[in-house]
Amino acid sequence: MAAYDFTAPRLHVEAELRQGLVLPLERAQSGYLLTVLRKGEGDSVLLFNGRDGEWRAVICPSGRKSADLRLVEQTRPQPAPLDLHYLFAPLKTGRLDYMAQKAVEMGAGLIRPVFTRYTQGERIKLDRLRANAIEAAEQCGILAIPEIAELTRLPAALDALEPERLLVFCDEDASVSDPVMALRAACNPAAPPPLAVLVGPEGGFAPEEREQVAARPNTVALSLGPRILRADTAAVAVLALVQAVLGDAR
């Protein structure tokens with residue numbers, strides 16, 4: 001496992017990253033580094049953009065409350081893109097923020113909100129979803145920012161999945177007593193296929209929605225135990241389970 005430097009602050013930027021490049025900091029970033037963290041000239045900052053790996057830069061003050069960053073060296077190369085899709089019914093704002101952050105921490109490479117019959121509202125702020133994804137990546141040493149997909153109704157979301165992608169369907173009514181065994185039986189754990197996870201709203205899935213999901217080939221329905229979990233808790237539980245059995249936590 002790569003050694004992470006958690007002593008230096010990490011910032012996501014949109015610009016390309018290469019040795020010797022000097023990047024002007026945005027006002028909010030300057031305030032965060034110079035005022036909140038009390039960093040100064042020559043202090044290190046780690047930068048990433050999701051494409052060029054992680055780079056160490058040093059602070060070069062350009063004014064009383066502004067600074068530039070000069071890139072010194074690459075500290076980690078860019079890893080391969082994550083290929084775990086996380087599909088979820090939108091939640092209330094505070095819990096949606098939490099869910100987005102945890103999905104990133106657990107290795108989601110694509111986050112897709114899905115509208116279902118019992119979804120609480122059809123509106124979702126994709127820019128806020130992306131901001132939470134970036135914040136989680138900054139805090140946890142993650143170099144890849146997941147793709148934030150548009151809100152899609154359930155049938156279209158199912159159609160968008162490649163046939164070879166195994167869909168793990170979180171269904172509280174599934175008759176599965178051992179989810180680990182069910183995942184292992186669904187494919188060869190030594191060479192697992194690309195994965196997707198679907199978590200529904202607080203009210204669960206409607207009967208016709210269960211039929212739609214069950215009709216999709218290459219799908220395994222899982223119950224996450226005898227207790228009913230909140231949707232944001234279910235996100236953490238199923239992503240941890242999938243990553244431990246078939247993913248990159250093995």
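Residues passing the salt bridge (Lys or Arg N to Asp or Glu O under 4.0 Å) test with Arg70: none are found, sequence neighbours excluded. For Gln74, there are no side chain to side chain donor-acceptor pair (under 3.5 Å) partners, not counting sequence neighbours. Under the rule for a salt bridge (Lys or Arg N to Asp or Glu O under 4.0 Å), the partners of Arg117 that lie at least two apart in sequence or sit in another chain are Glu208. In this view, Tyr98 satisfies the ring-ring contact (aromatic ring centres under 6.0 Å, His included) rule with no residue, not counting sequence neighbours. Looking at residues two or more places apart in sequence or on another chain, you find no salt bridge (Lys or Arg N to Asp or Glu O under 4.0 Å) involving Glu150. Take Asp83 and apply the side chain to side chain donor-acceptor pair (under 3.5 Å) test, not counting sequence neighbours, and it matches Arg165.
Hydrophobic cluster membership is shared by Leu229 and Val168, with clusters built from Ile, Leu, Val, Met, Phe, Trp and Tyr side chains linked at under 4.5 angstrom. Connection of Met181 to Leu183 is not established within any shared hydrophobic cluster, with ILVMFWY side chains joined at heavy-atom distances below 4.5 Å, either directly or through further cluster members. Taking hydrophobic clusters as Ile, Leu, Val, Met, Phe, Trp and Tyr residues chained together by side-chain heavy-atom distances below 4.5 Å, Leu87 does not share a cluster with Leu151. The same ILVMFWY cluster, assembled from side-chain heavy atoms under 4.5 Å apart, contains both Leu21 and Trp55. Neither Leu222 nor Leu167 shares a network with the other; the hydrophobic side chains, linked directly or stepwise wherever heavy atoms of I, L, V, M, F, W or Y lie under 4.5 Å apart, form separate groups for each.
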Let me have the donor-acceptor pairs involving side chains of residues 23-35, under 3.5 Å, with sequence neighbours excluded, atom names and distances please.
residue: Gln29; atom: OE1; partner: Glu26; partner atom: N; Å: 3.2
residue: Ser30; atom: OG; partner: Glu26; partner atom: O; Å: 3.3

Would you give me the side-chain donor-acceptor pairs under 3.5 Å for residues 37-46, sequence neighbours excluded?
residue: Asp43; atom: OD2; partner: Gly40; partner atom: N; Å: 2.7
residue: Ser44; atom: OG; partner: Arg56; partner atom: NH1; Å: 3.2

Give the table of side-chain donor-acceptor pairs shorter than 3.5 Å for residues 188-207, with sequence neighbours excluded, one pair per line with atom names and distance.
residue: Asn188; atom: OD1; partner: Ala190; partner atom: N; Å: 3.0
residue: Glu202; atom: OE2; partner: Arg95; partner atom: NH2; Å: 2.1
residue: Glu202; atom: OE2; partner: Ala231; partner atom: N; Å: 3.2

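Going from atom CD of Glu209 over to atom OG1 of Thr116 covers 5.0 Å, rounded to the nearest 0.5 Å. Of the inter-residue distances, the one linking Asp171 atom CG with Leu224 atom CG reads 10.0 Å to the nearest 0.5 angstrom. How far CD1 of Ile111 is from CE of Met99: 6.5 Å, rounded to the nearest 0.5 Å. Note: Gln139 CD to Arg10 CZ = 10.0 Å, rounded to the nearest 0.5 Å. Between the CD1 atom of Ile142 and the CD1 atom of Ile134 there is a distance of 12.0 Å, given to the nearest 0.5 Å. Annotation: the span from Gln243 atom CD to Leu84 atom CG amounts to 5.5 Å, rounded to 0.5 Å.
Of the possible polar contacts, none joining the Asp68 side chain to the Cys60 backbone as a donor-acceptor pair under 3.5 Å is found. The backbone N or O of Glu54 sits less than 3.5 Å from a side-chain atom of Thr75, completing a donor-acceptor pair.
The minimum heavy-atom distance linking Ile145 with Arg130 is given by the pair CG2-NH1, 3.4 Å. For the residue pair Asn218 and Glu164, the shortest heavy atom distance occurs at ND2-O, 3.0 Å. Nearest heavy-atom pair, Ala15 versus Asn49, reported as atom, atom and distance to 0.1 Å: O-ND2, 2.9 Å. Here the closest heavy-atom approach between residue Glu16 and residue Asp52 is recorded as CA-OD2, 3.5 Å. What you find for Ala108 and Pro146 is that their closest heavy atoms are O-CB, 3.4 Å. Closest heavy-atom contact between Leu239 and Ala103: CD1-CA, 3.8 Å.
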With side-chain contact (heavy atoms from CB on, under 4.5 Å) as the criterion, how do Arg112 and Tyr86 come out once you've worked through the C-alpha distance, each side chain's angles and the decisive distance to 0.1 Å? CA-CA 6 Å; Arg112 181 185 295 280; Tyr86 180 68; over 6 Å; no

Do Leu96 and Asn132 pass the side-chain contact (heavy atoms from CB on, under 4.5 Å) test, and can you show the C-alpha distance, the side-chain angles, and the key distance before you say yes or no? CA-CA 9 Å; Leu96 177 60; Asn132 276 286; over 6 Å; no

side-chain contact (heavy atoms from CB on, under 4.5 Å) evaluation trace for Val213 with Leu154: CA-CA 9 Å; Val213 179; Leu154 180 61; 4.3 Å; yes

Does Gln78 form a side-chain contact (heavy atoms from CB on, under 4.5 Å) with Phe48? I'd like the steps, not just the answer. CA-CA 9 Å; Gln78 185 67 31; Phe48 69 105; 5.9 Å; no

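The side-chain heavy atoms of Val104 and Cys140, taken from C-beta on, include no pair separated by under 4.5 Å.
For residues 97-107, the pairs satisfying salt bridge (charged side-chain N to carboxylate O under 4.0 Å, His left out) are Asp97-Arg128, Lys102-Glu105, with sequence neighbours left out. Identified under the salt bridge (charged side-chain N to carboxylate O under 4.0 Å, His left out) test for residues 137-147, with sequence neighbours left out: none. A salt bridge (charged side-chain N to carboxylate O under 4.0 Å, His left out) check over residues 176-199, counting only residues at least two apart or in different chains, returns nothing.
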